[in-house]
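First comes the structure, then the notes that go with it.
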Amino acid sequence: MSKRKNPSDDNNLNSDFCDFLMELAEYEKNVSRNVHKYNAYRKAASVLATHSKRIESGDEAKKLSGIGDKISKKIDEFLQTGKLRKLENIHQDEDAQAINTLTRVTGVGPVKAAEFVRNGIKSIEDLRNNIDKLTHHQTIGVRYFEDFEKKIPRKEIQDIEGKLKNLIKNLDPEFTVTICGSYRRGKRESGDIDALVTHPSLKINEKKKKHEAKLMKSLVDALKGLVTDVISIGDTKFMYYCAILYFTGSDVFNKTMRAHALDKGFTLNEYALRPVGVTGVPGEPVQISSEEDVFDYIDYPYKTPEERNM
DNA sequence: CAGACTGCGCATCTCT
DNA sequence: AGAGATGCGC
DNA sequence: GTCTG
């Protein structure tokens, strides 16, 4: 549920560059509605963040994958003047700033934010005064706006993990619960809590739709004591180990691993690992019975969750 | 120089 | 009402 | 915006 990422963390020698690149990324996504530029800027910020040397010039930066002419020039401008004219202009654009603010509410994207601003709704407070114009999702986003932007301490997640497991065990002891995400990677705090729940009867394929639906419903009902609001309810079921791998991340690690899978003639997503035929058409999913299995199949050295912080 | 950049489930809107 | 499209989040 | 074919 976390909307913000931060390549400008710990010992990052290029954090000032990362900051303005991330700001440009947000602008492209929220205001220009160009998610590809957004990703391009984020990739550039990410590669600079993991670079072990302080970048001294645009030319030097340009050697890195993901940084081309335009960002190279921006780095030079920032090095010379300490700021970016493009960013200064954006700061002065009140509508752009308003759109950026509104998209921080979960459920409000670039299109809805622009529409709100067009209709004079330009702040979180404005949203709170127009609850009747919000979807269920957006209402929750506004109600917990401040909370959603806070990080969750590991200790707190451990508490919730305990309560969740206890609750679910009482419902049906065969349920298993795994908290994935950055928590599983050992981080001290997380932006959200990704809980993956499975039940043996869901693994026995098909012919169980009714039972499955009943289980899901009883699960959701049981969670009512712990969960205060429900944004959406689905009945999706996926291959457990691929899901646990995917939801543990990090996203950069996932991208690396998927690329490696392709090299080895497989396609990997959150549902399954499938061989890619010569025609390029994916075949039937490979039988997986552990996370390690996935690594084995694509001949990729096993990494513990803690080693997946990339 | 043109096209890719993951793509899918859910909620909600729009069309018929 | 039902099919399809759109916005959104991940 | 950057990379690839």
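Note that the coordinates shown come from a computational prediction; the quantities given were computed from them, not determined experimentally.
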Rounded to whole Å, how long is the line connecting atom NE2 of A:H136 with atom C1' of C:dC8? 15 Å
Pairing residues for A:F116 by the ring pair (Phe, Tyr, Trp, His ring centres under 6.0 Å) criterion, not counting sequence neighbours: none
A:R274 has an atom CZ; how far is it from atom C1' of B:dC8, in whole Å? 12 Å
When the distance from NE2 of A:H36 to C1' of B:dG7 is rounded to whole Å, what number comes out? 12 Å
Step through the shown structure and confirm whether more than 12 heavy atoms of other residues, nucleotides or ligands are within 6.0 Å of CD on A:E94. no
Span that lies between the P atom of B:dT6 and that of D:dT4, in whole angstrom: 14 Å
Residues that A:L262 engages under side chain to side chain contact (heavy atoms under 4.5 Å, CB included), provided they are two or more places apart: none
What are the residues of residues 70-96 of chain A, sorted by number, that bring a heavy atom to within less than 4.0 Å of DNA chain D? A:K70, A:I71, A:K74
What residues, two or more places apart in sequence or in another chain, satisfy ring pair (Phe, Tyr, Trp, His ring centres under 6.0 Å) together with A:H136? none
Between C:dC8 atom C1' and A:N30 atom CG, what is the distance in whole Å? 12 Å
Is A:N269 touching bases, backbone alone, or none of the nucleic acid, heavy atoms closer than 4.0 Å? nothing
B:dG9, C:dG9, C:dC8: which one has an atom nearest the side-chain heavy atoms of A:V111? C:dC8
State which of B:dA11, C:dG9, B:dT12 makes the closest approach to the side chain of A:T106. C:dG9
Does any pair with a residue in residues 42-61 of chain A pass ring pair (Phe, Tyr, Trp, His ring centres under 6.0 Å), and if so which ones, sequence neighbours excluded? none
Output the rounded distance in Å from CG (A:N39) to P (C:dG9). 14 Å
Could you check A:L164, A:N170, A:D172 and say which one makes a side-chain contact (heavy atoms from CB on, under 4.5 Å) with A:I168? A:L164
What nucleic acid atoms does A:L24 come within less than 4.0 Å of, heavy atoms only: base, sugar-phosphate, or nothing? nothing
Using the rule side-chain contact (heavy atoms from CB on, under 4.5 Å), only one of A:L196, A:I179, A:N254, A:T178 pairs with A:F247; which is it? A:L196
Please identify the 5'-most and 3'-most nucleotides of DNA chain D with any atom under 4.0 angstrom from a heavy atom of chain A. D:dG1 to D:dC3
Assess whether atom CD of A:E284 is packed by more than 12 heavy atoms of other residues, nucleotides or ligands within 6.0 Å. no
Scan A:K112 against the nucleic acid and name what it touches under 4.0 Å (heavy atoms): base, sugar-phosphate only, or nothing. sugar-phosphate
A:K43 has an atom NZ; how far is it from atom C1' of B:dA4, in whole Å? 12 Å
Rounded off to whole Å, could you give me the CG-to-P distance for the A:L102 and C:dC8 pair? 11 Å
For A:T103 versus A:A113, what's the shortest heavy-atom pair and its separation? CG2-CB, 3.6 Å
